[in-house]
Amino acid sequence: MRYDLVIFDNDGVLVDSEPISNRLLAGYLTELGHPTSYEDSLRDYMGAAMHRVHDLVLERTGRSLPVDFDDVFHGRVFAAFVRELEPVPGAVGVLEKLAADGVAYCLASSGSHERIRVGHRKTGLDRWFEDERIFSSQDVGRGKPAPDLFLHAAERMGVAPERCVVVEDSPLGVRAAVAAGMDVYGFTAMTPADRLAGATRLFGDMGELADLLRG
């Protein structure tokens, strides 16, 4: 293995949550008078912490979102997760191989700790991620594309940034990993390859990742 630590993004990389959450986000913003398509949501908010939604809406319209926006949105998302969420195909196999090889891994997500845990309980990924392997944008001052979250995860895991690789599916995440001085493998299952410019390499099948990391 060429790396000492594999840092996974969560949404869209480990759990197939991006279609669910972006569909609901687009719908809720539209309800509130900010017309947003599913494609708009993917382009503007995929991989981002919630503060980006607030910031962009305010910047574009001069209007703030309701104070209970995050609570209402997360309530809808969590309910949908319980009904619909599945692990990304191939994700469990990658985790099994890393564990068998004794390779350290963790996740660093723009989502809240609660969102991560709800999704992992539904998909069974909780067995692979103890609390000490989970890092959220809640833990740092700035979310992606700032490097803070990935640097925090590396520090807590005791690995130098240059010995880490990040697995990401969003342009914001790729930018954050590059800014952190880490290699980044861009997952193209949902994101066009040209939007992940700057990634160390690209791949489209999560089942291939363990072998790619060994190569």
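All residue numbers in this chain count up from 1 along the given sequence. Since the structure is predicted, the reported quantities are computational estimates derived from the model, not experimental observations.
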Asks: Do F135 and L149 make a side-chain contact, defined as non-hydrogen atoms from C-beta onward lying under 4.5 Å apart?
Replies: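 A side-chain contact under 4.5 Å exists here.
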
Asks: Taking D40's backbone N and O only, do any of them form a donor-acceptor pair with S37's side chain (distance below 3.5 Å, no angle check)?
Replies: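 Here the side-chain-to-backbone pair exists.
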
Asks: Hydrogens and angles aside, do R115 and S109 bring a side-chain donor and acceptor to less than 3.5 Å of each other?
Replies: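 Not at all, the side chains of R115 and S109 share no donor-acceptor pair under 3.5 Å.
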
Asks: Using the ring pair (Phe, Tyr, Trp, His ring centres under 6.0 Å) rule, pick out the option among H74, H54, H51 that qualifies with F69.
Replies: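 Only one option passes, and that is H54.
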
Asks: Walk me through whether V184 and V167 qualify under side-chain contact (heavy atoms from CB on, under 4.5 Å).
Replies: CA-CA 6 Å; V184 53; V167 185; over 6 Å; no

Asks: When you compare the side chain of T200 with that of M182, does any pair of heavy atoms fall below 4.5 Å?
Replies: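 SC-SC contact between M182 and T200 ruled out.
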
Asks: Is there a continuous path of hydrophobic side-chain contacts, each under 4.5 Å between heavy atoms, that joins M46 to V13?
Replies: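 No: no chain of side-chain contacts under 4.5 Å links M46 to V13.
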
Asks: Atom CG of L56 and atom CD of E59: how far apart are they, to the nearest 0.5 Å?
Replies: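 L56 CG to E59 CD: 6.0 Å, rounded to 0.5 Å.
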
Asks: Hey, is D148 close enough to R142 for a salt bridge, meaning N to O under 4.0 Å?
Replies: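 Salt bridge flag = yes for R142 with D148.
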
Asks: Mind listing the closest non-hydrogen atom pair of S137 and S110 along with its distance?
Replies: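 Nearest pair, atom of S137 first, then S110: OG-O, 2.7 Å.
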
Asks: Of all heavy-atom pairs between F150 and A180, which one has the smallest distance, and what is that distance?
Replies: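 Scanning both residues completely, I find the closest heavy atoms to be CB-CB, 4.2 Å.
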
Asks: Using the rule that two of Ile, Leu, Val, Met, Phe, Trp, Tyr join whenever any of their side-chain heavy atoms come within less than 4.5 Å, decide whether L125 and F81 are in one cluster.
Replies: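 Result: yes, single cluster for both.
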
Asks: To the nearest 0.5 Å, what is the distance between OG1 on T61 and NE2 on H34?
Replies: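 NE2 of H34 is found 5.0 Å from OG1 of T61.
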
Asks: Contact between Y28 and T36 at the side-chain level, heavy atoms closer than 4.5 Å - yes or no?
Replies: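 No, every pair of side-chain atoms sits at 4.5 Å or beyond.
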
Asks: Tell me the closest heavy-atom pair linking S136 and S112, and the distance in Å.
Replies: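 Heavy atoms of S136 and S112 come nearest at OG-CA, 3.6 Å.
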
Asks: Under a 4.5 Å cut-off applied to non-hydrogen side-chain atoms, are Y3 and D183 in contact?
Replies: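 Yes. Closest side-chain heavy atoms under 4.5 Å.
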
Asks: Let me check something: do V57 and M50 share a hydrophobic cluster, defined by ILVMFWY side-chain heavy atoms less than 4.5 Å apart, either directly or through other members?
Replies: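 V57 clusters together with M50.
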
Asks: Would you name the heavy atoms of S170 and G47 that are closest together and state the gap between them?
Replies: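 For S170 and G47, the tightest heavy-atom pair comes out as OG-CA, 3.7 Å.
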
Asks: Taking atom types as modelled, is there a side-chain donor on Y45 or N22 under 3.5 Å from an acceptor on the other?
Replies: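 No - no donor-acceptor pair under 3.5 Å links their side chains.
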
Asks: Can you list the steps and then say if T188 with F203 is a side-chain contact (heavy atoms from CB on, under 4.5 Å)?
Replies: CA-CA 6 Å; T188 61; F203 71 107; 6.0 Å; no

Asks: Would V159 and V178 show up in the same hydrophobic cluster when neighbours are defined by side-chain heavy atoms closer than 4.5 Å?
Replies: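 Per the 4.5 Å side-chain linkage, V159 and V178 are co-clustered.
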
Asks: Given D44 and R52, is the salt bridge (charged side-chain N to carboxylate O under 4.0 Å, His left out) satisfied, shown in steps?
Replies: CA-CA 9 Å; D44 293 338; R52 179 176 172 85; 5.4 Å; no

Asks: Do F187 and V165 sit in one hydrophobic cluster, given that two such residues count as connected whenever their side-chain heavy atoms are within less than 4.5 Å of each other, even indirectly?
Replies: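 Yes, F187 and V165 fall within the same hydrophobic cluster.
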
Asks: Would E132 and R156 pass as an ion pair if we require N to O under 4.0 Å?
Replies: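 No.
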
Asks: Evaluate the criterion side-chain contact (heavy atoms from CB on, under 4.5 Å) for residue pair M157 and D4; output intermediate values, then yes/no.
Replies: CA-CA 10 Å; M157 296 294 291; D4 296 333; over 6 Å; no

Asks: Let me see the working for E84 and R23 under salt bridge (charged side-chain N to carboxylate O under 4.0 Å, His left out), right down to the final yes or no.
Replies: CA-CA 13 Å; E84 304 174 38; R23 182 186 77 229; 3.2 Å; yes

Asks: Would you check if R43 and R195 make a side-chain contact, meaning some heavy-atom pair closer than 4.5 Å?
Replies: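 In short, these two side chains touch, coming nearer than 4.5 Å.
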
Asks: Under 3.5 Å, is there a donor on one side chain and an acceptor on the other for S17 and D11?
Replies: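 There is such a pair (donor and acceptor under 3.5 Å, judged by atom type) between the side chains of S17 and D11.
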
Asks: Hey, are D131 and R117 close enough for a salt bridge, meaning a charged N less than 4.0 Å from a carboxylate O?
Replies: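 Judged by the 4.0 Å cut-off on N to carboxylate O distance, D131 and R117 do form a salt bridge.
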
Asks: Looking at L151 and P161, what are the two nearest heavy atoms and their distance?
Replies: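 Shortest heavy-atom contact: CD2-CG, 3.8 Å.
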
Asks: Run the side-chain donor-acceptor check on residues 89-105: report pairs under 3.5 Å with partners two or more places apart or on a different chain.
Replies:
from: D101; atom 1: OD2; to: R214; atom 2: NE; distance (Å): 3.2
from: D101; atom 1: OD2; to: R214; atom 2: NH2; distance (Å): 2.6
from: Y105; atom 1: OH; to: W128; atom 2: O; distance (Å): 2.8

Asks: Using side-chain contact (heavy atoms from CB on, under 4.5 Å) as the criterion, point out the one residue from D126, V15, L14, I134 that pairs with I116.
Replies: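 The side-chain contact (heavy atoms from CB on, under 4.5 Å) with I116 is passed solely by I134 among D126, V15, L14, I134.
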
Asks: So, are R60 and D55 salt-bridged, with charged N and O less than 4.0 Å apart?
Replies: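 Salt bridge between R60 and D55, a charged N being under 4.0 Å from a carboxylate O: no.
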
Asks: Do F73 and L24 have side-chain heavy atoms sitting under 4.5 Å apart?
Replies: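 Yes, close enough: below the 4.5 Å cut-off.
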
Asks: Which heavy atom in G33 sits nearest to a heavy atom in R63, and how many Å separate them?
Replies: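 Smallest interatomic distance, heavy atoms only, reads O-NH1, 3.7 Å.
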
Asks: Test side-chain contact (heavy atoms from CB on, under 4.5 Å) on I7 and L107 and set out the steps.
Replies: CA-CA 5 Å; I7 304 176; L107 74 82; over 6 Å; no

Asks: Would you check if L212 and R201 make a side-chain contact, meaning some heavy-atom pair closer than 4.5 Å?
Replies: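 Yes, their side chains come closer than 4.5 Å.
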
Asks: With heavy-atom distances below 4.5 Å as the criterion, would you say the side chains of F8 and E168 are in contact?
Replies: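 They are not in contact (no side-chain heavy atoms under 4.5 Å apart), so the answer is no.
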
